[in-house]
Amino acid sequence: MPERLTEMLMDTWTPLIILWITVLPSIYMAPMNQSQVLPSGSSTGLKRLNEEQRVLYRSKRGWVWNQMFVLEEFSGPEPILVGRLHTDLDPGSSKIKYILSGDGAGTIFVINDKTGDIHAMKRLDREEKAEYTLTAQAVDRDTNQPLEPPSEFIIKVQDINDNAPEFVEGPYHATVPEMSVVGTYVRALPAHSLGSSKLRDGITIIKTALPNMDREAKEEYFVVIQAKDMGGHMGGLSGTTTVTITLSDVNDNPPKFAQSLYHFSVMEDVALGEPIGRVKANDLDIGENAKSSYDIIEGDGMDVFEITTDAQTQDGIIRVRKPLDFETKKSYTLKVEAANIHIDPRFLSGGPFKDTATVKIVVEDADEPPVFSSPTYLLEVHENAALNSVLGQVTAHDPDVSSSPIRFSIDRHTDLERQFNINAEDGKITLATPLDRETSTWHNITIVATETRNHSQVSRVPVAIKVLDVNDNAPEFASEHEAFLCENGKPGQVIQIVSAVDKDDPKNGHYFLYSLLPEMVNNPNFTIKKNEDNTLSILAKHSGFSRQKQEVYLLPIVISDSGTPPMSSTGTLTIRVCGCSSDGTVQSCNAEAYVLPIGLSMGALIAILACIILLLVIVVLFVTLRRHKNEPLIIKDDEDVRENIIRYDDEGGGEEDTEAFDIATLQNPDGINGFLPRKDIKPDLQFMPRQGLAPVPNGVDVDEFINVRLHEADNDPTAPPYDSIQIYGYEGKGSAAGSLSSLESSTSDSDQNFDYLSEWGPRFKRLGELYSVGESDKET
């Protein structure tokens, strides 16, 4: 420690000594040159001196200084003197002016332009800026002309112990496993100081100092770290920080059941896989070290129960593995073990990392549904079984101690046709309707068993009923057969091969017997032959069959089966004689085709017949179209008198017009000379055509013409109502506007002008012309 103190004192006083050595010669030692050693007017003496005394001097620089130093954090009433600048050209007069420029010139550092003294005007901090580079120059005060070139120098800020050590990243956290040995590395802490080289950065290493630190006893430790500079001597500064040290977990604790005996109760009808209870082995460790697995290692219910681990809570969940039965076994005893999954070998000497507990499970009685003696039933019955015959029996019992009586029934959703019945007391199944194996071979029904004391307790069992076959169907031909026999066929030729089918299903398969009817045994034309594949061949006995002689032959064949009792049926085979080619190909089987001329084939006949039919169809369509051609009911003619009546001098009456007179319809003028029947309807009565009147010459009174036509229309019921002219002599009452009729307007004194109608547009142009014509006629 004395050596360190000596070193620090030397570091402090060395710059001051250097400054003192540098500044004093520039102040008290005068340069030995001409401008200051001798008077200015003795030039002769100077020359003589130079000649007589040849003394060699070292060439001195114009500026006399060294590096300047200043202490940081200096604070006093006056600015601190950093140093003094002086040139050998300065005789002590005020003609020279000193100028300072560079870092902090004029603000931090100020120079006396007469004396060259440099002062620090502000408080300096070496940690912010350690040195300043400045430039000094001597100029003529009057002309500001430089007397010498500028020179550069440095002012260094000397450090003092003004910054305490710092822990930049604090506070700190560290982790170390529990139960670590003494001296186990925890972490390193860097201490940083902003001072000069005598205050160096340091690293602090934290290690464990206690053995067997247990996380379960104390998990965290708070440590205060202090760093001091100056080696801890008086006057040094210090800094502190905190370190939180956490003990990490290791698997040093085994699992332990909270109790050695557990009791659970469960209903016997609990569903499989349902949890019935939980056990818990506590572990003081945490995380992966606290995980345990559970197993059943002993007991009388190892195959009935199972235990699994809850990943969230680390509980052991006991579940039902097989159905329980109170009447068979009322309690179980299990031994359960909990063991750590991850074991640390360092702590095996502390004992096994497992624990055991006993679990007792009591089964409680529950009202169970009836139990059938078999999970399924298979019954067989012959299809010819008598009604109400017993097909079989189902049995069920109540497994409870009370043993309630059971009633049986059939689920009618499985027996919609109600083909079966069951005795509700003893469960005997009987036949209700006849069975037919060929219709349905299997019948699947469901039997329901219900407790009489508790109707909610219901059980169901499937019953399959197989209908057994009896020989109740006769064999028959597989299909409708029609054989063709060639006229040029040979004796013994196979005409047709037929097969038979039987709806029954004998155990040994079908075997059919074929025979002819007794009266057809000696058939002169055909014979039969049984084949090995259970088919029958029809053979011709002779040749020379002719279509003209007989075109079709009917051959009855008796088919019998081998059942008990045997069943038989008769099928008739139709054999048609046909004309064939030389290779046996059938060409025609019609007798008429044989007598046709050789030069006219069947195809030509069909073509001729088709043409005739087509011509007949065309003629019928043509006649029909002419008959149904639409003709106009009214023949339009320019001379039709109805077209000449274009103006009516009467107007329809109002709603109270009951005296209107309907004149008869006008007869078509073209029908005067002959009878024109109606074409729209068929008349009920036919009248002779009446004698028409002679054409009316021009100039005949229209009134007389209308009366003639009216008379003809009244006497001709077949005349259609064509045009009619209505004359209303009465217009009704109650009209506040008076009569609007144009009748008798010719006798009125009112003078009407209808010229405005032509101004209403093209639609009223014709109406305006009509009224204009009416006015001119009235004037004439």
Side-chain angles (χ1 to χ4, degrees), residues 264-277 301 303-305 318-332 361-437 439-468:
F264 299 106
S265 61
V266 58
M267 301 296 292
E268 61 175 334
D269 58 351
V270 65
L272 298 183
E274 199 68 23
I276 63 172
D303 58 338
V304 180
F305 301 94
I318 301 175
R319 303 177 186 272
V320 179
R321 189 175 179 181
K322 291 184 178 180
L324 303 178
D325 187 8
F326 172 80
E327 290 72 24
T328 303
K329 190 172 180 60
K330 298 179 175 58
S331 64
Y332 296 89
I361 302 173
V362 176
V363 181
E364 296 183 358
D365 188 23
D367 192 0
E368 300 175 89
V371 178
F372 285 94
S373 59
S374 175
T376 59
Y377 290 89
L378 175 62
L379 305 179
E380 294 181 348
V381 57
H382 288 88
E383 59 180 329
N384 60 350
L387 298 181
N388 296 322
S389 59
V390 177
L391 310 183
Q393 183 179 11
V394 296
T395 58
H397 69 282
D398 185 5
D400 298 325
V401 178
S402 58
S403 185
S404 171
I406 307 298
R407 292 187 62 85
F408 300 94
S409 62
I410 298 178
D411 186 355
R412 291 304 176 182
H413 292 91
T414 60
D415 184 25
L416 298 176
E417 298 180 359
R418 295 182 175 270
Q419 293 181 291
F420 307 96
N421 290 325
I422 189 170
N423 190 305
E425 303 296 334
D426 56 12
K428 292 182 179 180
I429 301 173
T430 57
L431 184 63
T433 59
L435 300 176
D436 186 6
R437 189 203 66 83
T439 302
S440 180
T441 305
W442 288 93
H443 298 271
N444 297 302
I445 62 176
T446 300
I447 303 300
V448 181
T450 306
E451 290 185 8
T452 57
R453 298 175 184 173
N454 186 359
H455 296 291
S456 63
Q457 298 299 329
V458 176
S459 296
R460 299 171 181 268
V461 66
V463 177
I465 302 174
K466 183 180 181 180
V467 182
L468 302 178

How close do [X] and [Y] get, heavy atom to heavy atom, and via which atoms?
X      : Y      : answer
Val467 : Arg437 : O-CG, 3.4 Å
Ile318 : Phe264 : CD1-CE1, 4.1 Å
Pro399 : Pro370 : CD-CA, 4.3 Å
Ser389 : Ala385 : OG-CB, 3.9 Å
Phe305 : Ile276 : CE2-CD1, 3.6 Å

Check whether any side-chain heavy atom of [X] lies under 4.5 Å from a side-chain heavy atom of [Y], and answer yes or no.
X      : Y      : result
Leu379 : Val381 : no
Thr414 : Asn444 : no
Val394 : Ile422 : yes
Leu387 : Pro434 : yes
Leu431 : Phe420 : yes
Ile406 : Thr452 : no
Leu324 : Val304 : yes
Trp442 : Lys466 : yes

Taking everything shown except Lys329 itself, do over 12 heavy atoms lie less than 6.0 Å from its NZ? yes
For the pair Glu274 and Arg319, evaluate salt bridge (Lys or Arg N to Asp or Glu O under 4.0 Å) and give the outcome as yes or no after the intermediate values. CA-CA 5 Å; Glu274 199 68 23; Arg319 303 177 186 272; over 6 Å; no
Calculate, to the nearest 0.5 Å, the distance between atoms OH and CG belonging to Tyr332 and Asp303 respectively. 8.0 Å
Calculate, to the nearest 0.5 Å, the distance between atoms OG1 and CZ belonging to Thr446 and Arg460 respectively. 7.0 Å
Does [Y] offer a backbone N or O that forms a donor-acceptor pair with the side chain of [X] under 3.5 Å?
X      : Y      : value
Asn454 : Asp367 : no
Glu268 : Val363 : no
Asp400 : Glu368 : yes
Gln393 : Asp426 : yes

Taking the inter-plane angle between the rings of Tyr377 and Phe372 on a 0 to 90° scale, is it parallel (under 30°), tilted (30 to 60°) or perpendicular (over 60°)? perpendicular
Sidechain N-carboxylate O distance under 4.0 Å for Asp415, Arg418: no
I'd like to know if the side chain of Asp411 pairs up with that of His413 as donor and acceptor (distance under 3.5 Å, no hydrogens or angles considered). yes
